[in-house]
Amino acid sequence: MESSAINIAIVVVYLLAMLAFGWWGKSRTKNNSDFLVAGRRLGPFLYTGTMAAVVLGGASTVGGVGLGYKFGISGMWLVVAIGAGVLLLSLLFAGTIQRLKIYTVSQMLSLRYGSKATQTSGIVMLAYTLMLCATSTGAYATIFVVLFDWERWMAIAVGGAIVLVYSTIGGMWSITLADQVQFIIKTVGIFFLMLPFVMNAAGGMDGIRGRLEDSFFQIDGIGTQTIITYFVVYTLGLLIGQDIWQRVFTAKTPTVARWGGATAGVYCILYGIAGAFIGLAARVALPDIDVANLGKDVVYAEVATHILPVGIGGLVMAAAVAAMMSTASGALIAAATVARADVVPFVASWFGKTINTDDTENPEHDVKANRYWVLGLGIVAVLISMAAQDVVVALTIAYDILVGGLLVAILGGLVWKRGTGIAAAWSMAVGSVLTLALLIMFATGVIPSEDGVYANEPIYYGLAASFVAYVVISLLTPRTDPAVRAAWDKRVAGAIADELPIEAHPVSSNRAN
């Protein structure tokens, strides 16, 4: 009882600190840029920490340990795929993305192609970020259920309220500081506490090798198809997710975005390896965990409770909460940014109306408007998490459409000059519709599959169709307007230093300039 009380106290102190970060962030938030992208002023240390924190959520921390317990060292591949995505984004595209001085992925598409049709990407991105926030909220609430013996709805409400408060008050500055603390807690908790204690309890590598089958030490023990799936879904998804791009926008310079992000990617890979070895050692130290009925995610809490000393177990539990809150807060501010900058103006245009969501002439009003969007969508995410027993299905669908529908148009715009706006629009439409249609067929049994909605084929076929449509239509249609292309090249080169207004979606040569 005493040890449990100490662990609970540590987690409570951590949660109170999160609220304090909100007030600190408020003091640094003076305008739209401060609230949404931390004024684009993050240096290497802050940037690396916040990038690593946002991508390493509950699936990477709690789930990674569980995969190690179940499959051995090959359980690392989920987090390694995430790290690979951060590495590729940082080394190949982050410098270009940072120089654009934009707020959303959809703005990039409009700048590159000068096509209003590409704004439909905002709807898919909003669904993805909102479901990601709801999933993360439900994930850290499960820890509160165990710690405080609360009902699930209360755990979601309290945890969601904490994330809402610090995200709404201080925006990206508050989230950045919270991420930095969360990054430190996760680093200490995983590398310097959990890993050595569990390895010692298992008798070191010699003790582990002597008590486990060889399959636990096979690099592909989890299955080649599963490993491929991780790289297709997570590596490719990280290349284009609004929550990740919004962190790139916070970098002070292209160099910070490139090398700070690359450092975060390497850190993620090491984090995945550490998690797998923690799970592997736990298989020896705690061999009787009923993962068949309780699920593999219970392994993390079992290690914190039964192996780690009093107090250290609380810090490790706080690390798990930190991981999930980082993902939730990042997804929340991304959802709010996309909704305000992309979705509302686009939907209004269906009815022949023009909505200007930008109020840069009055920075105080602009920040207040952003706070309302974060608060409103945060409440929606909390309600979704409460109402749905399994929002992972919705997140899976959003993730599949994100990759199957948008990946080609986004990356094509960054690497292929011949790509056109018409081709991008058709590529997104063909890829999204085909991916969604196949998901429905797999889920309803029209196409028999044991995986159902979690089948990989919809992404593969959606990507292939999207790629073919993009290449063929680009070659058959006129090149992008030279004025649009020239404006894009100037912005990519850093010759245009001004930020694009939050609601701006250039669709003509005049606006593109």
Side-chain angles (χ1 to χ4, degrees), residues 81 84-85 88-89 92-93 96-97 105-125 127-128 224-225 227-242 245 342 346 396-444 446-449 451 453-481 484-485 488 507:
L88 288 175
L89 174 68
L92 299 180
F93 306 115
T96 298
I97 294 170
V105 176
S106 185
Q107 284 184 334
M108 169 262 157
L109 290 169
S110 295
L111 275 171
R112 167 61 180 83
Y113 296 113
S115 172
K116 193 171 183 178
T118 57
Q119 292 180 41
T120 55
S121 62
I123 297 174
V124 176
M125 203 65 74
Y128 158 70
T224 303
Q225 183 60 44
I227 295 171
I228 293 173
T229 298
Y230 288 155
F231 278 91
V232 170
V233 174
Y234 294 104
T235 303
L236 298 183
L238 278 165
L239 293 178
I240 59 174
Q242 170 69 26
W245 277 43
D342 301 330
F346 179 64
T396 300
I397 294 171
Y399 226 125
D400 286 359
I401 295 175
L402 178 73
V403 175
L406 305 188
L407 180 77
V408 172
I410 294 171
L411 297 189
L414 291 171
V415 302
W416 193 35
K417 292 184 178 182
R418 186 63 179 84
T420 67
I422 296 175
W426 274 103
S427 170
M428 290 192 298
V430 170
S432 298
V433 170
L434 181 58
T435 301
L436 181 59
L438 289 173
L439 280 170
I440 293 172
M441 290 180 186
F442 276 95
T444 57
V446 173
I447 300 178
S449 172
D451 297 321
V453 73
Y454 299 106
N456 301 320
E457 288 82 356
I459 297 181
Y460 299 154
Y461 288 115
L463 267 175
S466 179
F467 178 78
V468 171
Y470 183 74
V471 172
V472 172
I473 297 176
S474 288
L475 295 175
L476 295 177
T477 53
R479 293 177 179 271
T480 302
D481 186 327
V484 172
R485 183 70 209 189
W488 166 263
V507 294

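Values below: all heavy atoms of this structure, side chains included; hydrogens, waters and symmetry mates excluded.
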Legend entry - Minimum side-chain heavy-atom gap S106-F346 below 4.5 Å: no
Whether S427 side chain and S466 backbone form a donor-acceptor pair below 3.5 Å: yes
Original post:
Does R112 reach the main-chain N or O of G412 with its side chain, forming a donor-acceptor pair under 3.5 Å?
Top reply: no
d(L411 CG, L239 CG) to nearest 0.5 Å is 5.5 Å
Distance col, row S432:OG vs L406:CG, nearest 0.5 angstrom, shows 5.0 Å
- [ ] Using a 4.5 Å cut-off on heavy atoms from C-beta on, say whether the side chain of F93 contacts that of V415.
- [x] yes
Exercise. Apply side chain to side chain contact (heavy atoms under 4.5 Å, CB included) to the pair Y113 and W488, showing each step before the final yes or no.
Key: CA-CA 9 Å; Y113 296 113; W488 166 263; over 6 Å; no
**Asked** Do V403 and V233 have side-chain heavy atoms sitting under 4.5 Å apart?
**Response** no
How about N456 and T229: does a side-chain donor come under 3.5 Å of a side-chain acceptor? yes
Worksheet item: Backbone N or O of A81 within a donor-acceptor pair of the T235 side chain at under 3.5 Å?
Response: yes
For T435 and P458, the nearest pair of non-hydrogen atoms, with its separation, is OG1-O, 3.5 Å
On a heavy-atom basis, the closest approach of Y128 and Q242 is CE2-N, 4.5 Å
Output for pair (L438 CG, I459 CD1), nearest 0.5 Å, gives 11.0 Å
d(I228 CD1, T224 OG1) to nearest 0.5 Å is 6.5 Å
| Within a reach of under 6.0 Å around CZ of F231, are more than 12 heavy atoms found that belong to other residues, nucleotides or ligands? | yes
Minimal heavy-atom distance between T120 and M428, with the atoms involved, is OG1-CE, 3.9 Å
Here the gap from L402 atom CG to I410 atom CD1, rounded to the nearest 0.5 Å, amounts to 6.5 Å
Looking only at heavy atoms, the pair that brings F442 and A455 closest together is CD2-CB, 3.7 Å
When every non-hydrogen atom of L238 is compared with those of L89, the smallest separation belongs to O-CD2, 3.8 Å
Within the distance-only criterion (no hydrogens, no angle test), does the side chain of T420 pair as donor or acceptor with the backbone N or O of P478 below 3.5 angstrom?
-> no
Smallest heavy-atom separation, S121 atom then L109 atom, equals OG-CD1, 3.4 Å
>> Counting neighbours of CD1 on I422 that are heavy atoms of other residues, nucleotides or ligands and sit closer than 6.0 Å, is the number greater than 12?
In response: no
Output for pair (R418 CZ, T477 OG1), nearest 0.5 Å, gives 6.0 Å
**Message:** So does S110 get a backbone contact from the side chain of Q119, meaning a donor-acceptor N/O pair under 3.5 Å?
**Reply:** no
Check: L434 main-chain N/O paired with Y461 side-chain donor or acceptor under 3.5 Å: no
